Student: 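Here it is, the structure in full.
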Amino acid sequence: MLLSQIKQEPIDLENGHKRDVRTQFGALCYRVRNGDVQVLLITSRETRRWIIPKGWPMDGETPADAAATEAWEEAGVKGKVKNACIGIYTYSKRLNKDETIPCVVAVFPIKVKALKKNYPEKDERKRKWVSLKKASKMVDERDLAQIIKHFSPKHL
């Protein structure tokens, strides 16, 4: 599926301003086992929801490289990142108990070469390999679920 074919859900900016929307870069970490594509999901630190590694832009790094850095820090992934954005999704990032901000996440695929046991956030998250179908049901964000569901490394 092409990025242009994915229907995006609207994000509520009723009480926001254009400067309130933040950009993040996410990593869809994948591998192929016996012909089946699997993706690596991790838990968020606070709510323990299943998510993909993602984070803020980094000075001196391309969006794809920033996604790869997040994949390392949050999931222990070493691999080959593609510079092509495979989709965009939105979510509300919790800043504290009472405050959230809207975020737009550009997703970059990473073919996982190695999954390391020791990485910066290993004590803060769980990680799990799952099929595309199962992963699309495990994540809360509908747009992310569609990106995962329709992902194919053959189109990279």
Side-chain angles (χ1 to χ4, degrees), residues 1-11 22-94 100 102-156:
M1 172 170 266
L2 299 174
L3 177 60
S4 61
Q5 294 172 306
I6 297 173
K7 293 185 179 182
Q8 299 290 310
E9 291 292 319
I11 187 167
R22 301 294 197 273
T23 301
Q24 291 190 313
F25 303 120
L28 186 63
C29 305
Y30 74 94
R31 68 182 183 185
V32 179
R33 290 289 184 262
N34 300 320
D36 294 324
V37 179
Q38 297 177 327
V39 294
L40 184 70
L41 296 182
I42 61 171
T43 55
S44 65
R45 285 191 279 201
E46 290 185 24
T47 63
R48 311 307 288 171
R49 296 176 305 108
W50 289 104
I51 61 171
I52 62 171
K54 64 185 172 309
W56 306 110
M58 299 176 188
D59 287 341
E61 290 196 18
T62 67
D65 289 340
T69 297
E70 294 299 333
W72 160 248
E73 291 175 357
E74 296 181 2
V77 166
K78 291 292 183 180
K80 176 73 174 155
V81 65
K82 290 279 188 180
N83 274 326
C85 175
I86 58 168
I88 297 170
Y89 73 96
T90 60
Y91 81 106
S92 293
K93 170 132 182 95
R94 183 182 300 186
T100 62
C103 289
V104 176
V105 183
V107 180
F108 296 86
I110 298 179
K111 184 172 185 179
V112 177
K113 304 279 187 198
L115 202 58
K116 301 297 184 177
K117 287 184 180 177
N118 292 314
Y119 54 98
E121 296 183 17
K122 72 178 178 105
D123 295 329
E124 301 173 56
R125 302 178 187 275
K126 291 181 182 178
R127 57 187 183 182
K128 185 174 188 175
W129 285 108
V130 292
S131 69
L132 296 174
K133 184 177 180 180
K134 186 170 184 178
S136 69
K137 293 177 181 177
M138 291 170 67
V139 297
D140 288 345
E141 297 81 11
R142 284 188 273 176
D143 294 337
L144 176 57
Q146 290 299 307
I147 293 167
I148 293 170
K149 184 177 179 181
H150 298 289
F151 175 70
S152 173
K154 294 176 186 175
H155 297 129
L156 298 177

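These numbers come from a predicted model, not from an experiment.
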Student: Please tabulate, for side-chain N and O atoms in residues 49-56, each donor-acceptor pair with protein atoms closer than 3.5 Å (sequence neighbours left out).
Tutor:
{"from": "R49", "atom 1": "NE", "to": "T47", "atom 2": "OG1", "distance (Å)": "3.2"}
{"from": "R49", "atom 1": "NH1", "to": "E141", "atom 2": "OE2", "distance (Å)": "2.9"}

Student: Begin with the C-alpha distance, continue with both residues' side-chain angles, and end with the deciding distance and a verdict on side chain to side chain contact (heavy atoms under 4.5 Å, CB included) for F108 and K82.
Tutor: CA-CA 6 Å; F108 296 86; K82 290 279 188 180; over 6 Å; no

Student: So, taking the atom named CD1 in I147 and the one named CG in L132, what distance separates them when rounded to the nearest 0.5 Å?
Tutor: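 Spacing of CD1 (I147) from CG (L132) equals 12.5 Å.
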
Student: Please name the pair of heavy atoms, one in G26 and one in A67, separated by the smallest distance, quoted to 0.1 Å.
Tutor: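 Taking G26 first and A67 second, the nearest heavy atoms are O-CB, 3.4 Å.
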
Student: Using the side chain to side chain contact (heavy atoms under 4.5 Å, CB included) rule, take R33 and W129 through it: C-alpha gap first, then chi angles, then the decisive distance, then the call.
Tutor: CA-CA 11 Å; R33 290 289 184 262; W129 285 108; over 6 Å; no

Student: To the closest 0.5 Å, what do you measure between OG (S44) and CZ (R125)?
Tutor: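 It is 7.0 Å, given to the nearest 0.5 Å.
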
Student: Locate the shortest heavy-atom distance separating A75 from L115; write the atom from each residue and the value.
Tutor: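 Scanning both residues completely, I find the closest heavy atoms to be O-CD1, 3.5 Å.
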
Student: What are the two closest non-hydrogen atoms of I110 and A68, and how far apart are they?
Tutor: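 In this case the closest contact between I110 and A68 is CD1-CA, 3.5 Å.
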
Student: I'd like to check the ring pair (Phe, Tyr, Trp, His ring centres under 6.0 Å) partners of Y119; sequence neighbours left out, ordered by chain and number.
Tutor: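 Y119: no ring pair (Phe, Tyr, Trp, His ring centres under 6.0 Å) contacts found.
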
Student: Roughly how far, to the nearest 0.5 Å, is CD1 of I88 from CD of Q24?
Tutor: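 It is 13.5 Å, given to the nearest 0.5 Å.
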
Student: Distance check, rounded to the nearest 0.5 Å: E124 atom CD versus T43 atom OG1?
Tutor: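 E124 atom CD to T43 atom OG1 measures 9.5 Å (nearest 0.5 Å).
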
Student: Is there side-chain contact between R48 and K126, with heavy atoms separated by less than 4.5 Å?
Tutor: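 R48 vs K126: side chains touch.
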
Student: To the nearest 0.5 Å, how far apart are CD1 in I42 and NZ in K122?
Tutor: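 Between atom CD1 of I42 and atom NZ of K122 there are 15.5 Å.
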
Student: Side chain to side chain contact (heavy atoms under 4.5 Å, CB included) with P153: which of L28, I86, V37?
Tutor: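 When side chain to side chain contact (heavy atoms under 4.5 Å, CB included) is applied between P153 and each of L28, I86, V37, only V37 qualifies.
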
Student: For residues V77 and R127, determine if any side-chain heavy atom of one lies less than 4.5 Å from a side-chain heavy atom of the other.
Tutor: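 The answer is no; the side chains never approach within 4.5 Å.
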
Student: Is there side-chain contact between E46 and R94, with at least one heavy-atom pair below 4.5 Å?
Tutor: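 Yes, their side chains come closer than 4.5 Å.
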
Student: Taking all atoms of both residues into account, what is the closest heavy-atom pair of I148 and S136, and its distance?
Tutor: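 Smallest interatomic distance, heavy atoms only, reads CG2-N, 3.9 Å.
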
Student: Rounded to the nearest 0.5 Å, how far apart are OH of Y89 and CD of Q146?
Tutor: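 Going from the OH atom of Y89 to the CD atom of Q146 covers 14.0 Å.
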
Student: Give the minimum heavy-atom separation between L156 and P109, together with the two atoms involved.
Tutor: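 Distance-wise, the nearest heavy atoms are CD2-CG, 3.8 Å.
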
